[in-house]
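Chain letters run A, B, ... following the sequence lines, proteins first, then strands; residues in each count from 1.
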2 protein chains.
Amino acid sequence: METIEFQRIAKALADPRRFAILERIAGCKELACQTLCGEMPVSKATLSHHLQELETAGLVSIRMDGKFAHLSLRKDVWLAYRKELAKRIG
Amino acid sequence: METIEFQRIAKALADPRRFAILERIAGCKELACQTLCGEMPVSKATLSHHLQELETAGLVSIRMDGKFAHLSLRKDVWLAYRKELAKRIG
DNA sequence: TCGATAGTTCGACAACCATCTAACTGATGT
DNA sequence: ACATCAGTTAGATGGTTGTCGAACTATCGA
C-alpha cells in the first residue's frame, strides 16, 4: 500500500465523528446518505465534508442514484489498511 | 477496549512523523531516546511531545535509566487496537 | 562543586481542521 | 415552468496541533 494512501486513511480514522460514520456505513451493505443525515448530529455540509474525506481516503464508495447518494465500505481497502498496520508494526 | 483509549490511539497514529517514530520503536526491543533524536529531523521538544502523546495513548512505554530514556512498544495495546479495528468494522 | 548532557516545560506561532450558515447545482414531481 | 428536495461549495470561525527556541530540571563525570 502506498504511504500516501496509508497516511490519508490514518487521518480519516482519527476524527471520532468520521470514524462513527464509517462504522455506521460498514454496518450494512449500502447506506442511504439521507439515513446518515438523520442519525448524525451534524449539518449536511459537515457530513458531506466527512464523506468526501472518507472517499478520498478510499475507504468509502459513493454511488449516486438520481439525487440520492448511497454509501458503502470499500472492504478491500479496509482490509489492506489493516494488513499494512500488521506489516509495519506487528 | 475503551472508546476514549481507542480514539487516543487513532489520533496518535494520524500524524505521519509520530507514526514513523512508533514504527522505529517497534523495530527493536527497546530504543534509546538519543538514537531517535539523532535520526528524526525534529527538535528535542517536538520529539518529547510526540513521545508523550504515544505514551498517553498507551502505545509506548518509557523507562528512565538515570538521565536516559528508553522507549518500547506496548505490544499488548497495539494488538488490542488492531483487534478493536477488526471488531468495529471488519 | 561545576560544567555538560538528556529530557521536559513554557510560550508563541502558523497551519490545519471540524463545524456552521448561506448560497449554489442538479434532479424530481406536479 | 416551477417549487422542492438532496447534496455540494464557499466563506467564516473557533479550536486543535505540530513545531520551534529558550528556559528549566535532573543526572552524571571530572
In whole angstroms, how far is the P atom of dA6(C) from the CG atom of Asp65(B)?
->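 That distance rounds to 13 Å.
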Rounding to a whole Å, what distance do you find between Met64(B):CE and dT5(C):P?
->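 Answer to the nearest Å: 17 Å.
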Roughly how far, to the nearest 0.5 Å, is the [atom2] atom of [Y] from the [atom1] atom of [X]?
X        : Y        : atom1 : atom2 : result
His70(B) : Cys28(B) : NE2   : SG    : 11.5 Å
Leu85(B) : Phe19(A) : CG    : CZ    : 6.0 Å
Ile25(A) : Leu59(A) : CD1   : CG    : 9.5 Å
Leu51(B) : Leu36(B) : CG    : CG    : 6.5 Å

Does Glu53(B) have any side chain to side chain donor-acceptor pair (under 3.5 Å) partners at least two apart in sequence or in another chain, and if so, which?
-> none
Thr46(B): partners by side chain to side chain donor-acceptor pair (under 3.5 Å), with sequence neighbours left out | Ser43(B)
If every non-hydrogen atom of Met64(A) is compared with every non-hydrogen atom of Ala69(A), which pair is closest and at what distance?
->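 That closest heavy-atom pairing would be SD-CB, 3.6 Å.
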Minimum heavy-atom distance between Leu71(B) and Cys33(B), given as atom pair plus value |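 Scanning both residues completely, I find the closest heavy atoms to be CD2-CA, 3.5 Å.
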Using residues 72-83 of chain B as the side-chain source, report each donor-acceptor pair under 3.5 Å to any protein atom, sequence neighbours left out, with the distance given to one decimal.
residue  : atom : partner  : partner atom : Å
Trp78(B) : NE1  : Gly90(A) : O            : 2.7
Arg82(B) : NH1  : Gly90(A) : O            : 2.4

Scan nucleotides 2-4 of chain C against the protein and return all N/O pairs shorter than 3.5 Å with their distances rounded to 0.1 Å.
none

Within [range]: residues closer than 4.0 Å to DNA chain D (heavy atoms):
range                     : value
residues 55-62 of chain B : none
residues 2-18 of chain A  : none
residues 37-50 of chain A : Lys44(A), Ala45(A), Ser48(A)

Does anything in residues 26-36 of chain B reach DNA chain C, meaning a heavy atom under 4.0 Å, and if so which residues?
->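 Only Cys33(B), Gln34(B) qualify.
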Identify every side-chain donor-acceptor pair in residues 5-12 of chain A under 3.5 Å, counting partners at least two apart or on other chains, and give the distances.
none

Span of DNA chain D in contact with chain A (heavy atoms, under 4.0 Å) = dC5(D) to dT9(D)
In terms of the nearest nucleotide of DNA chain D, which residue is placed more toward the 5' end: Ala69(A) or Phe68(B)?
-> Ala69(A)
Does anything in residues 15-36 of chain B pair up under side chain to side chain donor-acceptor pair (under 3.5 Å), and if so which pairs, sequence neighbours excluded?
->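 Listed once each, the pairs are Arg18(B)-His50(B), Arg24(B)-Glu39(B), Glu30(B)-Arg63(B).
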Hydrophobic cluster membership, Ile62(B) vs Ile21(B), 4.5 Å side-chain cutoff =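 As far as the 4.5 Å side-chain criterion goes, Ile21(B) and Ile62(B) are connected within one cluster.
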